[in-house]
Amino acid sequence: GRPCLQDGQESPHFDTQTFGPKPVFYADLKPTALVQSVQQTWQELPLVLLDHRRVLAVAGIADPVPFYGMLRDQEVELTQVLSFPDHHAYTQADWQTILAASRGCDLIVTTEKDLVKLEQFPFPIGKLVALRVRMEIRDADQLLTAIEHQLEQTTEKGSYGSTVPH
């Protein structure tokens with residue numbers, strides 16, 4: 001199973017059954033901005049533009065539920081969601097479906113991964129935006145220490161794990 005961090009549980013921890021004697025670190029995706037495509041050029045916009053807006057969410061990712069949750073956390077009125085398969089190649093019919101579903105919405109919000117594929121279609125100017133996210137690693141200094149420790153061990157050993165004579 002995948003690691004799960006419960007409230008109050010410390011990170012990193014050692015889950016030897018699932019991962020062997022390796023530290024497990026966790027990260028969260030945090031929204032940082034909106035992105036819009038204007039003539040194939042991306043422009044960053046402030047997240048505040050989502051406040052209390054009527055939003056259609058569109059995602060073609062493996063697990064869109066966290067994406068929808070991030071939108072809800074931004075205090076949008078999520079009127080509808082359209083989920084497509086991961087790595088979906090959007091078609092003219094998909095574009096028409098998205099446009100029809102977006103009637104009465106202020107914005108269509110998608111992922112940056114999907115914006116790359118959707119920007120080719122003629123959406124109304126300013127209506128299609130992507131939610132830009134950043135990964136925040138919990139206990140990042142402990143992760144850096146673990147990486148430094150591993151690098152020190154690696155430089156002391158040869159490529160096949162044998163000790164290099166000093």
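Computed from heavy atoms alone, side chains included, the values below leave out hydrogens, waters and symmetry copies.
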For [X] against [Y], the heavy-atom pair lying closest together:
X      : Y      : answer
Ala27  : Met135 : CB-CG, 3.5 Å
Leu128 : Phe123 : CD2-CD1, 3.5 Å
Glu112 : Val133 : OE2-N, 4.1 Å
Leu78  : Ala57  : CD1-CB, 3.7 Å
Gly126 : Val129 : O-CG1, 4.5 Å

Inset, instruction - For Phe67, check ring pair (Phe, Tyr, Trp, His ring centres under 6.0 Å) against everything at least two apart and list the hits. - result: none
Inset, instruction - Using atom types as modelled and distance alone, determine if a side-chain donor or acceptor of Thr111 lies under 3.5 Å from a backbone N or O of Asp114. - result: yes
Inset, instruction - Taking Lys117 for its side chain and Gly60 for its backbone only, find out whether a donor-acceptor pair lies under 3.5 Å. - result: no
Inset, instruction - Tell me yes or no: between the side chains of Thr91 and Asp94, is some donor less than 3.5 Å from an acceptor? - result: yes
Inset, instruction - Check whether the side chains of Trp95 and Gln120 place a donor and an acceptor atom closer than 3.5 Å, and report yes or no. - result: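 Looking only at side-chain atoms, Gln120 and Trp95 do not form any donor-acceptor pair under 3.5 Å.
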Inset, instruction - Report, as yes or no, whether the 6.0 Å neighbourhood of atom CG on Leu151 holds more than 12 heavy atoms from other residues, nucleotides or ligands. - result: yes
Separation of [Y] [atom2] from [X] [atom1] (nearest 0.5 Å):
X      : Y      : atom1 : atom2 : result
Leu34  : Leu131 : CG    : CG    : 6.5 Å
Gln80  : Ile108 : CD    : CD1   : 10.5 Å
Gln74  : Asp51  : CD    : CG    : 7.5 Å
Gln142 : Ile147 : CD    : CD1   : 12.0 Å
Arg134 : Arg132 : CZ    : CZ    : 12.0 Å
Lys30  : Asp73  : NZ    : CG    : 8.5 Å

Inset, instruction - Using a 4.5 Å cut-off on heavy atoms from C-beta on, say whether the side chain of Ser83 contacts that of Tyr68. - result: yes
Inset, instruction - May I ask you to test the Leu71-Val81 pair for a side-chain heavy-atom distance under 4.5 Å? - result: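 SC-SC contact between Leu71 and Val81 ruled out.
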Legend entry - Criterion side-chain contact (heavy atoms from CB on, under 4.5 Å) on Glu77 and His52, from CA distance to verdict: CA-CA 6 Å; Glu77 182 184 336; His52 309 290; over 6 Å; no
Inset, instruction - Under the side-chain contact (heavy atoms from CB on, under 4.5 Å) rule, what do Phe121 and Ile98 come out as? Steps first, then yes or no, please. - result: CA-CA 11 Å; Phe121 297 104; Ile98 294 166; over 6 Å; no
Inset, instruction - Look at the aromatic rings of His88 and Tyr90 and report parallel, tilted or perpendicular, splitting at 30° and 60°. - result: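 Geometry flag for Tyr90 against His88: perpendicular rings.
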Legend entry - Reference residue Gln150; test side-chain contact (heavy atoms from CB on, under 4.5 Å); the match among Glu152, Gln153, Glu148: Gln153
